[in-house]
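Report on one structure; see the data block that follows.
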2 protein chains.
Amino acid sequence: MANIRDVAKAAGVSVATVSRYLNNKGYISEEAKRVIAKAVEELNYQPSMIARSLSTKQSTFIGLIVPDIVNPFFPELARAIEDVALAYGYTLILCNSDEDLEKEINYVKTLQQKYVAGFIVASNHVEAEHYMGLDIPIVAIDRRIHSSIPYIATDNREGARIGTEHLLDSGCRNILCMRGPSGLGPADDRFAGFMDAVKGKNIETHIIECPFHFDIAETMVKKILQEVSIDGIFASSDVTAAGAMKAAYSAGIHVPNQLQIVGYDGTMLASQLTPGLTTVAQDLYRMGAMAARMLIELIKGQELTEREVLIPAELLIRQTTRSEA
Amino acid sequence: MANIRDVAKAAGVSVATVSRYLNNKGYISEEAKRVIAKAVEELNYQPSMIARSLSTKQSTFIGLIVPDIVNPFFPELARAIEDVALAYGYTLILCNSDEDLEKEINYVKTLQQKYVAGFIVASNHVEAEHYMGLDIPIVAIDRRIHSSIPYIATDNREGARIGTEHLLDSGCRNILCMRGPSGLGPADDRFAGFMDAVKGKNIETHIIECPFHFDIAETMVKKILQEVSIDGIFASSDVTAAGAMKAAYSAGIHVPNQLQIVGYDGTMLASQLTPGLTTVAQDLYRMGAMAARMLIELIKGQELTEREVLIPAELLIRQTTRSEA
DNA sequence: CTGAAAGCGCTAACAA
DNA sequence: TTGTTAGCGCTTTCAG
């Protein structure tokens, strides 16, 4: 591959001029532009980003750290981030942390060595010290990792309130809340939203804590259905809602006639289940795109107008609830 | 951040010696090793991969090009690739091509500028010329892009045969085959496998071509169910199978009592549907891991023992079929 | 076994 | 407006 010197030679100018041309910096005569453009074209020249990075100490890589891309929550996020990154000339590095602190720290180190321009992190380590002394811009997504780090998420509390209220409006009076792992920010917020909705309403509630896992959810709900009688379930994820649907099916309980269910997340899964799952949808794409935009502003040294942004959730009514009048 | 010169100075040796130490190259006295190790430790030194890349013209980035990471087929693949990449010291760059040739070409160019060590491509452009003159190792996954490019996929034909045969074994005699887009390698192969299974067996078959899209599948199947009478469906993806399940539900047709369905892919979706979807599972993780291993061998300049590998598919029997004796 | 020095390709003063 | 040149941090001959 041709390098900048070849281009300079071919165009009969110095490398400095070529560099200026490439970066639109400083004055260049029209004539110079012309010859350089021609040389670039002829040699099919493409500047080495590596050399540029070494020289400027900047790069066009963005590191995305997620627990596991296989979790259906993350691909859409990643997609959005990738889209805006691409638009701004950045490329995305994908890292799966498995919620493993050591792995995460390792990644941060590795990417630092590779001069990443910034990080977008969906992680939940409270002791996020390894991000602090980094002097690389960071944006936290979905989960707040530190007060000093800009953060963007869905308004989980309000979303859960809306979802639960829908259950109430649909006639449920005896509700099971499948809350997510306590200590996990979004799970706690959703649980709070659930409580907001039922408080003082003379509703009988049952609370279980259930990880975001299909099989476990199915098992837990199967057991619950034998023990108590309920007419509604608020699950704090689509996956656990799907587990609940299966448990109901096995128990011969008809959804939504005997039991109504609302999920949370608005993933594809919810729309592809039979019957279609009513769910509180997060605008994942918007969330990812916004995070990417924030990060890029940070990278460019701009001040953020908002350091914490909450994106509203939206109720998607489908067939697991019967919205009565 | 400290650089190699700082380390050399602190250790009282030359940078060359430090470099040798870092790369385990050439002879170094035990004494030198000791002092350098100490200096590295004290300065918390981490070599700059960028500088190293510039010098060696190699990098530790692997580019993964997929149509869309949101398609549930790809995350698991990406995960596997990332896992082995990480194990070998590489990091993964994620690229969504949207099946758009221009976008794909652009990515290839961009990553070339960033000195990627190799590509893993899941794409289906027959005119894959832009990959040819690249002198960067490439491995194709799921879809064959060129005879000169190593390729790894599931044995789709055999998988489809097994899935269809299961329908036959379960008593179906009147089968709808929802084949994928013709011209697409895997879709064609699966269709061929379906035909292999039914040929000469006095089975009534109906063939429709259906993109891998839930809503479209649902609509098409709804229509079919009104027109003809069938007792089995072979869908060539889980998503379309899910659409078929929903169509059956709307039509009041019981699955599996009146209609049996088998999907293809073995995604999470299949296991989370109610009833659980019988499906032909691809070992996506294995496929991805193997692709990554092949690529890394290529990067290291080794010869591949096999340039084309087919991974067997496995039938996962769940509740949408009634395996009779 | 070790060190000096010449690059890798590009950017950014500084001079002209 | 343009060119010269000194780095960026590391690798790699080539002498010693």
Side-chain angles (χ1 to χ4, degrees), chain A residues 1-37 39-40 43-61 89 109-117 135-136, chain B residues 1-37 39-40 43-61 89 109-117 135-136:
Chain A
M1 286 232 327
N3 65 27
I4 198 174
R5 220 156 28 218
D6 300 328
V7 175
K9 199 175 303 171
V13 298
S14 74
V15 294
T17 306
V18 177
S19 176
R20 281 188 210 101
Y21 167 81
L22 260 21
N23 301 290
N24 299 310
K25 263 184 191 166
Y27 293 99
I28 311 176
S29 64
E30 289 305 318
E31 171 60 11
K33 281 186 191 167
R34 220 181 40 71
V35 281
I36 295 174
V40 165
L43 278 67
N44 188 15
Y45 168 70
Q46 294 172 220
S48 155
M49 299 312 275
I50 297 289
R52 184 174 287 174
S53 282
L54 182 59
S55 187
T56 60
K57 286 173 167 303
Q58 293 187 15
S59 91
T60 51
F61 289 113
K109 260 195 212 150
T110 306
L111 295 196
Q112 215 184 164
Q113 289 182 53
K114 299 189 181 185
Y115 288 37
V116 280
D135 100 301
I136 294 179
Chain B
M1 286 231 328
N3 65 27
I4 198 173
R5 217 151 37 213
D6 300 328
V7 175
K9 198 176 301 172
V13 299
S14 74
V15 295
T17 306
V18 177
S19 176
R20 280 189 212 101
Y21 168 81
L22 260 21
N23 300 290
N24 300 310
K25 263 186 190 164
Y27 292 101
I28 310 176
S29 64
E30 287 305 318
E31 171 60 10
K33 281 187 190 166
R34 220 181 40 70
V35 281
I36 295 174
V40 165
L43 278 64
N44 188 17
Y45 169 69
Q46 295 171 219
S48 154
M49 299 313 273
I50 296 290
R52 183 173 288 173
S53 281
L54 182 58
S55 188
T56 61
K57 285 172 167 305
Q58 293 187 15
S59 90
T60 50
F61 289 113
K109 259 195 212 155
T110 306
L111 294 195
Q112 215 185 162
Q113 289 182 51
K114 299 189 181 185
Y115 288 36
V116 280
D135 100 301
I136 293 179

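Sequence lines set the chain letters: A, B, ... in the order given, protein chains first and strands last, and positions in each chain run from 1. Remember, predicted model here, so these are calculated numbers, not experimental data. Just so it is clear, the values below take in all heavy atoms, side chains as well, and ignore hydrogens, waters and symmetry mates.
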Distance-only check: which donor-acceptor pairs under 3.5 Å involve side-chain atoms of residues 5-14 of chain B, not counting sequence neighbours?
| from | atom 1 | to | atom 2 | distance (Å) |
| --- | --- | --- | --- | --- |
| D6(B) | OD2 | N3(B) | N | 2.9 |
| S14(B) | OG | A16(B) | N | 3.4 |
| S14(B) | OG | T17(B) | N | 3.3 |
| S14(B) | OG | T17(B) | OG1 | 3.2 |

Got a sec, which residues hit side-chain hydrogen bond (donor to acceptor under 3.5 Å, both in side chains) with S59(B), two or more places apart in sequence or on another chain?
->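 Once residues adjacent in sequence are excluded, S59(B) has no partner under the side-chain hydrogen bond (donor to acceptor under 3.5 Å, both in side chains) criterion.
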
Partners passing side-chain hydrogen bond (donor to acceptor under 3.5 Å, both in side chains) against T60(A) (at least two apart in sequence or in another chain) | K114(B)

Work out which heavy atom in A2(B) is nearest to a heavy atom in Y45(B); give both atom names and the distance.
->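 Heavy-atom minimum between the residues: O-CD1, 3.4 Å.
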
Which heavy-atom pair separates V15(B) from I4(B) by the least distance, and what is that distance?
-> O-CD1, 3.8 Å

Listed by chain and number, what are the side-chain contact (heavy atoms from CB on, under 4.5 Å) partners of Q58(A), not counting sequence neighbours?
->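 Q58(A): side-chain contact (heavy atoms from CB on, under 4.5 Å) contacts with T56(A).
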
Salt bridge (Lys or Arg N to Asp or Glu O under 4.0 Å) partners of residues 11-32 of chain A, not counting sequence neighbours, each pair once |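 Every pair satisfying salt bridge (Lys or Arg N to Asp or Glu O under 4.0 Å) with a residue in residues 11-32 of chain A: E30(A)-K33(A), E31(A)-R34(A).
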
Computed from five pairs at either end and rounded to 10 degrees, the angle between the axes of the helix from dC1(C)-dG16(D) to dA16(C)-dT1(D) is 40°

Nearest-Å distance, [atom1] ([X]) to [atom2] ([N])?
| X | N | atom1 | atom2 | result |
| --- | --- | --- | --- | --- |
| L43(B) | dC10(D) | CG | P | 12 Å |
| N24(A) | dT1(D) | CG | P | 14 Å |
| N23(B) | dT13(D) | CG | P | 12 Å |
| Y27(B) | dG16(D) | OH | C1' | 18 Å |

Remember a base hit wins even if backbone is also touched, and classify Y45(B) as base, sugar-phosphate or nothing at under 4.0 Å, heavy atoms.
->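 Sugar-phosphate: the residue Y45(B), judged by heavy atoms under 4.0 Å, touches backbone atoms but no base.
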
Name the nucleic acid region contacted by S29(B), choosing base, sugar-phosphate or nothing; use a 4.0 angstrom heavy-atom cut-off, strictly under.
->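 The residue S29(B) makes sugar-phosphate contact but no base contact.
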
Side chains of [X] and [Y]: does their closest heavy-atom pair fall under 4.5 Å?
| X | Y | value |
| --- | --- | --- |
| K109(A) | L111(A) | no |
| Q113(A) | S48(B) | no |
| V40(B) | I36(B) | yes |

Report the distance from atom OG of S55(B) to atom CG of L54(A), rounding to the nearest 0.5 Å.
->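 Reported to 0.5 Å precision, the distance equals 10.0 Å.
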
For F61(B), which residues count as a ring-ring contact (aromatic ring centres under 6.0 Å, His included) partner, sequence neighbours excluded?
-> F61(A)

Sorted by number, residues from residues 46-59 of chain B placing a heavy atom under 4.0 Å from DNA chain D are P47(B), S48(B), A51(B), R52(B), S55(B), T56(B)

Taking for E30(B) and for Y115(B) the nucleotide of DNA chain C with the nearest heavy atom, the one nearer the 5' end belongs to E30(B)

Provide the start and end nucleotides, 5' to 3', of the part of DNA chain C that has atoms under 4.0 Å from heavy atoms of chain B.
->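 Result: dC1(C) to dG9(C).
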
Give me the residues of residues 5-13 of chain B where at least one heavy atom lies under 4.0 Å from an atom of DNA chain C, by number, or none.
-> V13(B)

Can you tell me if the side-chain N/O atoms of T17(A) get under 4.0 Å from OP1 or OP2 in dG3(D)?
-> yes

Say whether, by atom type as modelled, one donor and one acceptor occur between the side chain of S53(B) and the main chain of M49(B) under 3.5 angstrom.
->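 Judged by distance alone, yes, a pair lies under 3.5 Å.
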
